[in-house]
Amino acid sequence: MVRILRPLLRGTTYTRLLHLWVPMLIVSVWLFIDPRTPWMPALLIAPAGLVAGVRMGEGVQARLLLTPGEKEPGISAVPAASWRDRWRTVLWLEVRMVLGVAAVFACVWLPTLTFDLTKYAWGQPPSGLPLLDRLPPHPAYALLAPLPLLVLYGAVVGLGALVTACARQLLGPSAAERLAALEERTELLLERTRIARELHDSIGHALTVAVVQAGAARAAGDAEFTGRALTAIEETGRTALEDLERVLGVLREAERPVSGRPTLTDAGRLLESARASGAEVDSEVTGPVEAVPGPVSREGYRILQEALTNVLRHAGPVPVRVRVTVAERRLTLEIRNPLPAAQVDSRGGSGLRGIRERAALLGGSALTGPDGGEWRVRAELPLG
(Lines give C-alpha, C1' and ligand atoms only; values in the text may rest on other atoms or scores of the structure.)
Protein backbone atom coordinates (compact mmCIF):
# COMPACT_ATOMS: atom_id res chain seq x y z
CA MET A 1 0.00 0.00 0.00
CA VAL A 2 2.84 2.36 0.89
CA ARG A 3 4.55 1.59 -2.43
CA ILE A 4 1.38 2.42 -4.35
CA LEU A 5 1.04 5.81 -2.65
CA ARG A 6 4.75 6.63 -2.88
CA PRO A 7 4.36 8.83 -6.03
CA LEU A 8 2.25 11.23 -3.93
CA LEU A 9 5.38 12.04 -1.92
CA ARG A 10 7.56 12.72 -4.95
CA GLY A 11 7.97 16.27 -6.14
CA THR A 12 8.38 14.97 -9.71
CA THR A 13 4.68 13.96 -9.74
CA TYR A 14 3.60 17.56 -9.22
CA THR A 15 6.19 19.19 -11.50
CA ARG A 16 5.06 16.86 -14.30
CA LEU A 17 1.45 17.85 -13.66
CA LEU A 18 2.48 21.51 -13.85
CA HIS A 19 4.22 20.79 -17.16
CA LEU A 20 0.96 19.30 -18.49
CA TRP A 21 -1.03 22.35 -17.39
CA VAL A 22 1.20 24.96 -19.03
CA PRO A 23 -0.18 24.53 -22.60
CA MET A 24 -3.69 25.01 -21.24
CA LEU A 25 -2.87 28.67 -20.69
CA ILE A 26 -2.96 29.10 -24.46
CA VAL A 27 -6.26 27.23 -24.67
CA SER A 28 -7.77 29.35 -21.89
CA VAL A 29 -6.83 32.58 -23.67
CA TRP A 30 -8.24 31.29 -26.94
CA LEU A 31 -11.56 30.33 -25.34
CA PHE A 32 -12.05 33.99 -24.48
CA ILE A 33 -11.48 34.83 -28.14
CA ASP A 34 -13.60 32.12 -29.79
CA PRO A 35 -15.08 29.42 -27.55
CA ARG A 36 -16.61 27.66 -30.58
CA THR A 37 -13.20 26.46 -31.85
CA PRO A 38 -11.32 25.03 -28.87
CA TRP A 39 -9.19 22.95 -31.27
CA MET A 40 -7.67 26.04 -32.91
CA PRO A 41 -4.67 26.39 -30.47
CA ALA A 42 -3.43 22.96 -31.50
CA LEU A 43 -3.46 24.13 -35.12
CA LEU A 44 -1.84 27.48 -34.41
CA ILE A 45 0.96 26.08 -32.24
CA ALA A 46 2.23 23.63 -34.88
CA PRO A 47 4.25 26.16 -36.98
CA ALA A 48 6.11 27.25 -33.83
CA GLY A 49 7.83 23.87 -33.74
CA LEU A 50 9.57 24.70 -37.02
CA VAL A 51 11.52 27.49 -35.28
CA ALA A 52 14.89 26.08 -34.23
CA GLY A 53 14.95 27.84 -30.86
CA VAL A 54 11.59 26.45 -29.79
CA ARG A 55 13.13 23.00 -29.45
CA MET A 56 15.67 24.35 -26.98
CA GLY A 57 12.93 26.06 -24.94
CA GLU A 58 10.84 22.90 -24.83
CA GLY A 59 13.89 20.86 -23.87
CA VAL A 60 14.75 23.21 -20.99
CA GLN A 61 11.17 23.04 -19.71
CA ALA A 62 11.06 19.26 -20.00
CA ARG A 63 14.36 18.83 -18.16
CA LEU A 64 13.30 21.19 -15.39
CA LEU A 65 9.77 19.84 -14.82
CA LEU A 66 9.74 16.27 -16.13
CA THR A 67 13.17 15.04 -15.04
CA PRO A 68 14.34 17.35 -12.23
CA GLY A 69 17.66 16.35 -10.75
CA GLU A 70 18.50 13.70 -13.35
CA LYS A 71 22.07 13.99 -14.67
CA GLU A 72 21.29 12.29 -17.99
CA PRO A 73 17.57 12.80 -18.66
CA GLY A 74 17.81 11.84 -22.32
CA ILE A 75 16.26 15.17 -23.36
CA SER A 76 18.14 17.59 -25.61
CA ALA A 77 18.30 21.28 -24.71
CA VAL A 78 19.82 22.70 -27.89
CA PRO A 79 18.21 24.32 -30.95
CA ALA A 80 17.04 22.07 -33.76
CA ALA A 81 19.90 21.29 -36.14
CA SER A 82 17.88 19.60 -38.90
CA TRP A 83 14.41 19.56 -40.38
CA ARG A 84 13.85 16.15 -38.85
CA ASP A 85 14.36 17.66 -35.39
CA ARG A 86 11.95 20.47 -36.24
CA TRP A 87 9.20 18.09 -37.29
CA ARG A 88 9.81 16.07 -34.14
CA THR A 89 9.31 19.29 -32.20
CA VAL A 90 6.01 19.94 -34.02
CA LEU A 91 4.80 16.46 -33.10
CA TRP A 92 5.93 17.01 -29.51
CA LEU A 93 3.92 20.23 -29.24
CA GLU A 94 0.79 18.46 -30.46
CA VAL A 95 1.31 15.49 -28.12
CA ARG A 96 1.91 17.83 -25.21
CA MET A 97 -1.30 19.72 -26.01
CA VAL A 98 -3.40 16.54 -26.18
CA LEU A 99 -1.97 15.16 -22.93
CA GLY A 100 -2.48 18.55 -21.30
CA VAL A 101 -6.17 18.51 -22.25
CA ALA A 102 -6.49 15.01 -20.78
CA ALA A 103 -4.79 16.14 -17.55
CA VAL A 104 -7.03 19.19 -17.13
CA PHE A 105 -10.12 17.11 -17.89
CA ALA A 106 -9.11 14.57 -15.23
CA CYS A 107 -8.23 17.22 -12.63
CA VAL A 108 -11.51 19.10 -13.13
CA TRP A 109 -14.19 16.50 -13.77
CA LEU A 110 -13.06 13.62 -11.57
CA PRO A 111 -13.05 15.67 -8.33
CA THR A 112 -16.38 17.15 -9.46
CA LEU A 113 -17.76 13.64 -9.86
CA THR A 114 -16.65 12.75 -6.33
CA PHE A 115 -18.32 15.88 -4.99
CA ASP A 116 -21.58 15.16 -6.85
CA LEU A 117 -21.66 11.53 -5.74
CA THR A 118 -21.30 12.70 -2.15
CA LYS A 119 -24.11 15.25 -2.57
CA TYR A 120 -26.34 12.73 -4.31
CA ALA A 121 -25.81 10.24 -1.50
CA TRP A 122 -27.35 12.85 0.83
CA GLY A 123 -30.27 13.42 -1.52
CA GLN A 124 -29.09 16.77 -2.90
CA PRO A 125 -29.11 17.43 -6.65
CA PRO A 126 -25.72 17.22 -8.46
CA SER A 127 -24.00 20.48 -9.36
CA GLY A 128 -21.78 19.55 -12.26
CA LEU A 129 -22.71 16.28 -13.96
CA PRO A 130 -26.25 15.97 -15.37
CA LEU A 131 -25.72 12.21 -15.77
CA LEU A 132 -26.70 11.65 -12.13
CA ASP A 133 -30.05 13.37 -12.66
CA ARG A 134 -31.31 10.20 -14.35
CA LEU A 135 -30.59 8.03 -11.29
CA PRO A 136 -32.50 8.05 -8.01
CA PRO A 137 -30.62 9.38 -4.96
CA HIS A 138 -29.25 6.67 -2.67
CA PRO A 139 -26.81 6.60 0.27
CA ALA A 140 -24.80 3.90 -1.53
CA TYR A 141 -23.34 6.59 -3.81
CA ALA A 142 -21.11 7.57 -0.89
CA LEU A 143 -19.25 4.29 -1.37
CA LEU A 144 -18.53 5.21 -4.99
CA ALA A 145 -17.29 8.70 -4.17
CA PRO A 146 -13.60 7.68 -3.63
CA LEU A 147 -13.39 5.88 -6.99
CA PRO A 148 -13.00 9.04 -9.13
CA LEU A 149 -10.18 10.16 -6.82
CA LEU A 150 -8.39 6.86 -7.36
CA VAL A 151 -8.82 7.29 -11.10
CA LEU A 152 -7.50 10.85 -10.77
CA TYR A 153 -4.44 9.54 -8.94
CA GLY A 154 -3.76 7.00 -11.67
CA ALA A 155 -4.34 9.59 -14.40
CA VAL A 156 -1.93 12.13 -12.87
CA VAL A 157 0.85 9.57 -12.37
CA GLY A 158 0.22 7.80 -15.68
CA LEU A 159 0.01 10.99 -17.77
CA GLY A 160 3.19 12.28 -16.11
CA ALA A 161 5.06 9.10 -16.99
CA LEU A 162 3.62 9.16 -20.52
CA VAL A 163 4.57 12.77 -21.24
CA THR A 164 8.10 12.08 -19.91
CA ALA A 165 8.46 9.07 -22.21
CA CYS A 166 7.23 11.15 -25.16
CA ALA A 167 9.68 13.93 -24.30
CA ARG A 168 12.60 11.50 -24.30
CA GLN A 169 11.46 10.12 -27.64
CA LEU A 170 10.64 13.39 -29.43
CA LEU A 171 13.02 15.81 -27.68
CA GLY A 172 15.82 13.28 -27.26
CA PRO A 173 19.22 13.86 -28.85
CA SER A 174 19.40 13.55 -32.61
CA ALA A 175 21.83 11.19 -34.32
CA ALA A 176 24.31 14.04 -34.78
CA GLU A 177 24.09 14.99 -31.09
CA ARG A 178 24.57 11.38 -30.02
CA LEU A 179 27.61 11.11 -32.28
CA ALA A 180 29.09 14.31 -30.83
CA ALA A 181 28.48 13.09 -27.27
CA LEU A 182 30.02 9.71 -28.08
CA GLU A 183 33.00 11.40 -29.68
CA GLU A 184 33.56 13.58 -26.63
CA ARG A 185 33.22 10.62 -24.28
CA THR A 186 35.69 8.64 -26.40
CA GLU A 187 38.14 11.53 -26.24
CA LEU A 188 37.77 11.71 -22.46
CA LEU A 189 38.31 7.98 -22.01
CA LEU A 190 41.35 8.07 -24.26
CA GLU A 191 42.87 10.94 -22.30
CA ARG A 192 42.18 9.22 -18.98
CA THR A 193 43.86 6.07 -20.24
CA ARG A 194 46.84 8.02 -21.47
CA ILE A 195 47.13 9.92 -18.19
CA ALA A 196 47.08 6.65 -16.27
CA ARG A 197 49.86 5.29 -18.47
CA GLU A 198 51.92 8.45 -18.12
CA LEU A 199 51.61 8.55 -14.34
CA HIS A 200 52.38 4.86 -14.00
CA ASP A 201 55.46 5.00 -16.20
CA SER A 202 56.91 8.33 -15.11
CA ILE A 203 55.99 8.86 -11.48
CA GLY A 204 56.11 5.16 -10.61
CA HIS A 205 59.58 4.84 -12.10
CA ALA A 206 60.83 7.97 -10.33
CA LEU A 207 59.53 6.84 -6.95
CA THR A 208 61.03 3.38 -7.42
CA VAL A 209 64.44 4.81 -8.27
CA ALA A 210 64.30 7.23 -5.35
CA VAL A 211 63.39 4.51 -2.86
CA VAL A 212 66.06 2.11 -4.14
CA GLN A 213 68.78 4.77 -4.22
CA ALA A 214 67.91 6.06 -0.75
CA GLY A 215 67.90 2.55 0.68
CA ALA A 216 71.22 1.71 -0.95
CA ALA A 217 72.82 4.94 0.30
CA ARG A 218 71.71 4.28 3.85
CA ALA A 219 72.99 0.70 3.72
CA ALA A 220 76.35 1.67 2.17
CA GLY A 221 77.30 4.31 4.74
CA ASP A 222 79.70 5.86 2.20
CA ALA A 223 79.61 9.65 1.76
CA GLU A 224 80.73 9.47 -1.87
CA PHE A 225 78.11 6.83 -2.72
CA THR A 226 75.48 8.83 -0.85
CA GLY A 227 76.34 11.89 -2.94
CA ARG A 228 75.94 9.92 -6.18
CA ALA A 229 72.65 8.50 -4.93
CA LEU A 230 71.32 11.95 -4.06
CA THR A 231 72.35 13.21 -7.48
CA ALA A 232 70.50 10.33 -9.14
CA ILE A 233 67.43 10.99 -6.98
CA GLU A 234 67.57 14.69 -7.90
CA GLU A 235 67.81 14.02 -11.63
CA THR A 236 65.09 11.39 -11.55
CA GLY A 237 62.82 13.68 -9.52
CA ARG A 238 63.38 16.58 -11.90
CA THR A 239 62.51 14.40 -14.87
CA ALA A 240 59.39 13.14 -13.07
CA LEU A 241 58.31 16.71 -12.32
CA GLU A 242 58.66 17.61 -15.98
CA ASP A 243 56.56 14.59 -16.96
CA LEU A 244 54.00 15.44 -14.28
CA GLU A 245 53.68 18.98 -15.59
CA ARG A 246 53.10 17.58 -19.07
CA VAL A 247 50.42 15.21 -17.76
CA LEU A 248 48.74 18.02 -15.83
CA GLY A 249 48.69 19.95 -19.08
CA VAL A 250 46.71 17.10 -20.59
CA LEU A 251 44.32 17.20 -17.63
CA ARG A 252 43.76 20.91 -18.06
CA GLU A 253 43.28 20.39 -21.76
CA ALA A 254 40.66 17.69 -21.09
CA GLU A 255 38.34 20.39 -19.74
CA ARG A 256 38.19 22.00 -23.15
CA PRO A 257 35.47 20.97 -25.59
CA VAL A 258 36.38 18.42 -28.24
CA SER A 259 36.29 21.05 -30.97
CA GLY A 260 39.01 23.01 -29.12
CA ARG A 261 41.45 20.12 -28.82
CA PRO A 262 44.60 20.23 -30.99
CA THR A 263 44.56 18.57 -34.40
CA LEU A 264 47.19 17.86 -37.03
CA THR A 265 46.88 21.44 -38.22
CA ASP A 266 48.54 22.34 -34.89
CA ALA A 267 51.37 19.84 -35.37
CA GLY A 268 53.82 22.68 -36.02
CA ARG A 269 54.08 23.45 -32.34
CA LEU A 270 54.96 19.81 -31.60
CA LEU A 271 57.76 19.93 -34.12
CA GLU A 272 59.04 23.25 -32.77
CA SER A 273 58.96 21.87 -29.24
CA ALA A 274 61.04 18.89 -30.34
CA ARG A 275 63.52 21.21 -32.10
CA ALA A 276 63.75 23.35 -28.97
CA SER A 277 64.73 20.20 -27.05
CA GLY A 278 67.68 19.69 -29.38
CA ALA A 279 66.24 17.24 -31.90
CA GLU A 280 66.86 17.82 -35.61
CA VAL A 281 63.37 17.42 -37.05
CA ASP A 282 62.92 16.92 -40.79
CA SER A 283 59.20 17.15 -41.48
CA GLU A 284 57.15 16.74 -44.65
CA VAL A 285 53.37 17.09 -44.97
CA THR A 286 51.63 15.83 -48.11
CA GLY A 287 47.94 16.28 -48.86
CA PRO A 288 45.11 18.39 -47.38
CA VAL A 289 45.67 17.92 -43.65
CA GLU A 290 42.94 20.47 -42.86
CA ALA A 291 40.38 18.22 -44.58
CA VAL A 292 41.02 15.26 -42.26
CA PRO A 293 37.92 14.52 -40.09
CA GLY A 294 38.07 15.84 -36.53
CA PRO A 295 38.40 12.53 -34.61
CA VAL A 296 41.08 11.22 -36.99
CA SER A 297 43.01 14.49 -36.94
CA ARG A 298 42.94 14.67 -33.14
CA GLU A 299 44.13 11.09 -32.75
CA GLY A 300 46.81 11.67 -35.38
CA TYR A 301 48.05 14.63 -33.35
CA ARG A 302 48.21 12.50 -30.20
CA ILE A 303 50.08 9.71 -32.01
CA LEU A 304 52.61 12.20 -33.35
CA GLN A 305 52.95 13.73 -29.89
CA GLU A 306 53.54 10.34 -28.27
CA ALA A 307 56.07 9.34 -30.92
CA LEU A 308 58.11 12.55 -30.52
CA THR A 309 57.94 12.26 -26.73
CA ASN A 310 59.31 8.72 -26.92
CA VAL A 311 62.14 9.89 -29.18
CA LEU A 312 63.23 12.56 -26.73
CA ARG A 313 62.78 10.28 -23.72
CA HIS A 314 64.65 7.22 -25.03
CA ALA A 315 66.96 8.50 -27.77
CA GLY A 316 67.57 12.11 -26.73
CA PRO A 317 68.22 14.98 -29.18
CA VAL A 318 68.72 12.91 -32.33
CA PRO A 319 67.69 13.51 -35.97
CA VAL A 320 64.00 12.73 -36.52
CA ARG A 321 62.13 12.32 -39.80
CA VAL A 322 58.38 13.03 -39.71
CA ARG A 323 56.17 12.23 -42.69
CA VAL A 324 52.43 13.07 -42.69
CA THR A 325 50.52 11.93 -45.77
CA VAL A 326 46.83 12.38 -46.59
CA ALA A 327 45.90 10.35 -49.66
CA GLU A 328 43.49 7.65 -50.85
CA ARG A 329 41.10 8.12 -47.92
CA ARG A 330 43.87 7.32 -45.48
CA LEU A 331 46.08 9.29 -43.12
CA THR A 332 49.61 7.94 -42.75
CA LEU A 333 52.04 9.03 -40.05
CA GLU A 334 55.65 7.86 -40.03
CA ILE A 335 58.26 8.93 -37.51
CA ARG A 336 61.84 7.61 -37.74
CA ASN A 337 64.92 8.21 -35.61
CA PRO A 338 68.27 6.45 -35.08
CA LEU A 339 68.14 3.60 -32.59
CA PRO A 340 69.47 4.50 -29.13
CA ALA A 341 72.40 2.62 -27.67
CA ALA A 342 69.99 0.53 -25.55
CA GLN A 343 67.30 -0.65 -27.95
CA VAL A 344 63.71 -0.41 -26.82
CA ASP A 345 61.61 -3.55 -26.74
CA SER A 346 58.95 -3.12 -29.41
CA ARG A 347 56.48 -5.14 -27.40
CA GLY A 348 56.67 -3.09 -24.21
CA GLY A 349 56.02 0.48 -23.12
CA SER A 350 52.62 1.92 -22.41
CA GLY A 351 53.29 4.80 -24.81
CA LEU A 352 53.75 2.44 -27.75
CA ARG A 353 50.75 0.42 -26.63
CA GLY A 354 48.75 3.65 -26.47
CA ILE A 355 49.68 4.46 -30.08
CA ARG A 356 48.42 1.07 -31.22
CA GLU A 357 45.23 1.44 -29.18
CA ARG A 358 44.48 4.85 -30.64
CA ALA A 359 44.95 3.56 -34.17
CA ALA A 360 42.83 0.45 -33.54
CA LEU A 361 40.01 2.54 -32.06
CA LEU A 362 39.59 4.28 -35.41
CA GLY A 363 39.86 1.09 -37.43
CA GLY A 364 43.47 1.66 -38.40
CA SER A 365 46.78 0.08 -37.50
CA ALA A 366 50.14 1.06 -36.06
CA LEU A 367 53.58 -0.54 -36.29
CA THR A 368 56.36 0.28 -33.84
CA GLY A 369 59.83 -1.18 -33.66
CA PRO A 370 63.33 -1.31 -35.17
CA ASP A 371 63.61 -1.07 -38.95
CA GLY A 372 66.97 -0.97 -40.71
CA GLY A 373 68.97 0.60 -37.90
CA GLU A 374 66.23 3.08 -37.07
CA TRP A 375 63.28 3.16 -34.73
CA ARG A 376 60.04 3.50 -36.70
CA VAL A 377 56.51 4.44 -35.73
CA ARG A 378 54.06 4.09 -38.59
CA ALA A 379 50.30 4.61 -38.15
CA GLU A 380 47.63 4.35 -40.81
CA LEU A 381 44.18 5.73 -40.02
CA PRO A 382 41.17 5.51 -42.36
CA LEU A 383 39.45 8.82 -43.11
CA GLY A 384 36.01 7.29 -43.53
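Values below: all heavy atoms of this structure, side chains included; hydrogens, waters and symmetry mates excluded. As the structure is a computational prediction, the values presented were derived from the model and not from experiment.
Residues satisfying the side chain to side chain contact (heavy atoms under 4.5 Å, CB included) criterion with Val101, sequence neighbours excluded, are Met24. When the side chain to side chain donor-acceptor pair (under 3.5 Å) test is applied to Glu290, no partner is found at least two apart in sequence or on another chain. Legend: residues meeting side chain to side chain contact (heavy atoms under 4.5 Å, CB included) with Ile26, ordered by chain and number and at least two apart, are Pro41, Ile45. For Thr325, there are no side chain to side chain donor-acceptor pair (under 3.5 Å) partners at least two apart in sequence or on another chain. Among residues two or more places apart in sequence or in another chain, the salt bridge (charged side-chain N to carboxylate O under 4.0 Å, His left out) test is passed with Asp222 by none. Residues meeting the salt bridge (charged side-chain N to carboxylate O under 4.0 Å, His left out) test with Arg330, sequence neighbours left out: Glu380. Legend: residues meeting side chain to side chain donor-acceptor pair (under 3.5 Å) with Arg329, ordered by chain and number and at least two apart, are absent. With sequence neighbours left out, Glu58 forms a salt bridge (charged side-chain N to carboxylate O under 4.0 Å, His left out) with Arg96. For Arg88, the side chain to side chain donor-acceptor pair (under 3.5 Å) criterion is met by Asp85, not counting sequence neighbours. Applying the salt bridge (charged side-chain N to carboxylate O under 4.0 Å, His left out) rule to Glu374 yields the partners Arg321, Arg336; only residues at least two apart in sequence or on another chain are considered.
In the hydrophobic clustering of ILVMFWY residues, with side-chain heavy atoms under 4.5 Å counting as a link, Val90 and Met97 come out apart. Using a 4.5 Å cut-off between side-chain heavy atoms of Ile, Leu, Val, Met, Phe, Trp and Tyr, with links allowed through other members, Val285 and Val292 fall into the same hydrophobic cluster. Both Trp92 and Val27 are part of a single hydrophobic cluster, where members link through side-chain heavy atoms under 4.5 Å apart. Using a 4.5 Å cut-off between side-chain heavy atoms of Ile, Leu, Val, Met, Phe, Trp and Tyr, with links allowed through other members, Leu271 and Ile335 fall into the same hydrophobic cluster.
Residue pairs meeting the salt bridge (Lys or Arg N to Asp or Glu O under 4.0 Å) criterion with at least one member in residues 11-20, sequence neighbours excluded, do not occur. Among residue pairs with one or both ends in residues 61-78, those qualifying as salt bridge (Lys or Arg N to Asp or Glu O under 4.0 Å) are Glu70-Arg168; sequence neighbours excluded.
Taking every heavy atom of both residues into account, Ala167 and Ile75 meet most closely at CB-CD1, 4.0 Å. The minimum heavy-atom distance between Ala48 and Val54, with the atom names listed, is O-CG2, 3.1 Å. Heavy atoms only, all atoms of each residue included: Pro7 and Val157 are closest at CB-CG2, 3.9 Å. Contact detail for Leu159 and Ala102: the closest heavy-atom pair is CD1-C, 4.0 Å. Looking at every heavy atom in both residues, Leu152 comes nearest to Pro111 through CD2-CG, 3.8 Å.
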> Could you go step by step and tell me if Thr67 and Thr12 meet the side chain to side chain contact (heavy atoms under 4.5 Å, CB included) rule?
Replying inline: CA-CA 7 Å; Thr67 58; Thr12 304; over 6 Å; no

> Does the side chain to side chain contact (heavy atoms under 4.5 Å, CB included) test come out yes or no for Thr265 and Tyr301, once each step is laid out?
Replying inline: CA-CA 8 Å; Thr265 57; Tyr301 178 93; over 6 Å; no

> What's the verdict on side chain to side chain contact (heavy atoms under 4.5 Å, CB included) for Val326 and Leu383, showing C-alpha distance, side-chain angles and the deciding distance?
Replying inline: CA-CA 9 Å; Val326 181; Leu383 300 182; 3.9 Å; yes

> How far apart are the C-alpha atoms of Trp109 and Leu113, what are their side-chain angles, what is the distance that settles it, and do they pass the side chain to side chain contact (heavy atoms under 4.5 Å, CB included) test?
Replying inline: CA-CA 6 Å; Trp109 291 109; Leu113 179 58; over 6 Å; no

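The pair Arg275-Asp282 fails the salt-bridge criterion, with no side-chain N (NZ, NE, NH1 or NH2) lying under 4.0 Å from an Asp/Glu carboxylate O.
With Thr114 contributing its side chain and Ala145 its backbone, the two residues share a donor-acceptor pair below 3.5 Å. Proximity of a side-chain donor or acceptor of Asp266 to a complementary backbone N or O of Thr263 within less than 3.5 Å is detected. Between the side chain of Tyr14 and the main chain of Leu8, a donor-acceptor pair closer than 3.5 Å is present. Ser297 places no side-chain N or O within donor-acceptor distance of the main-chain N or O of Gly294, the cut-off being under 3.5 Å. Within the 3.5 Å criterion, the main-chain N or O of Thr37 finds a donor-acceptor partner in the side chain of Trp30.
Each of Asn337, Val281, Leu333, Val377 was compared with Val322 under the side chain to side chain contact (heavy atoms under 4.5 Å, CB included) criterion, and only Val281 meets it. Applying side chain to side chain contact (heavy atoms under 4.5 Å, CB included) to His19 and the options Val163, Leu64, Leu99 leaves one that passes, Val163.
Note that CD of Glu357 is 9.0 Å distant from CG of Leu361, once rounded to the nearest 0.5 Å. The line from CG of Leu144 to OG1 of Thr118 is 10.0 Å long, rounded to the nearest 0.5 Å. How far CZ of Arg84 is from OG1 of Thr89: 11.0 Å, rounded to the nearest 0.5 Å. With rounding to the nearest 0.5 Å, the separation of CG in Leu65 from CG in Leu18 is 5.5 Å.
Residues Arg55 and Ser76 have side chains that never bring a donor and an acceptor to within less than 3.5 angstrom of each other.
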